[in-house]
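Here the structure comes first, spelled out in structure tokens, and everything after it is commentary.
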Amino acid sequence: MSPEISPHRRGEAPADPCGIAECPEPSARSVARSAAHQAFPAVADEAGRVNLCRTHYKVYKKSTRADRALARLGRY
Ligand SMILES: [Zn+2]
């Protein structure tokens, strides 16, 4: 019986870099690509998730606040 310690605890920032092109910041959150595409056209509108740094996450939240507020409660 080996103890399993998950490296991904909810609420903690992953170590991956920001998914926005040419952004040097470390990622703070990951969001759905289709949703990020609305805020950042450079992000491909496809399935999966993309990492965002704190700065880009703020921009993302501003542009998606209205329709993501309810969905977020169910996803996190
Ligand atoms: Zn960024």
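The figures here come from the full heavy-atom set of this structure, side chains too, leaving out hydrogens, waters and symmetry mates. Start at 1 and go down the list; that is how both ligands and their atoms are numbered.
Annotation for E46 and R33: closest pair O-CB, 3.2 Å, computed over non-hydrogen atoms. Taking each heavy atom of A36 and V50 in turn, the nearest pair found is CB-CG1, 3.6 Å. Taking all atoms of both residues into account, the shortest heavy-atom contact from N51 to S30 is OD1-CB, 3.4 Å.
Residues C23 and C53 are in side-chain contact: their nearest non-hydrogen atoms beyond the backbone lie under 4.5 Å apart.
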Apply the test side chain to side chain contact (heavy atoms under 4.5 Å, CB included) to residues F40 and V59: give CA-CA distance (whole Å), side-chain angles for both, the deciding distance (0.1 Å), then the verdict. CA-CA 9 Å; F40 311 108; V59 177; 3.8 Å; yes
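Looking only at distances, no side-chain donor or acceptor of H37 sits under 3.5 Å from a matching main-chain atom of A44.
At a cut-off of 2.8 Å, measuring from the Zn ion (ligand 1), the protein N, O or S atoms that fall short of it are C18 SG, C23 SG, C53 SG, H56 ND1, waters left aside.
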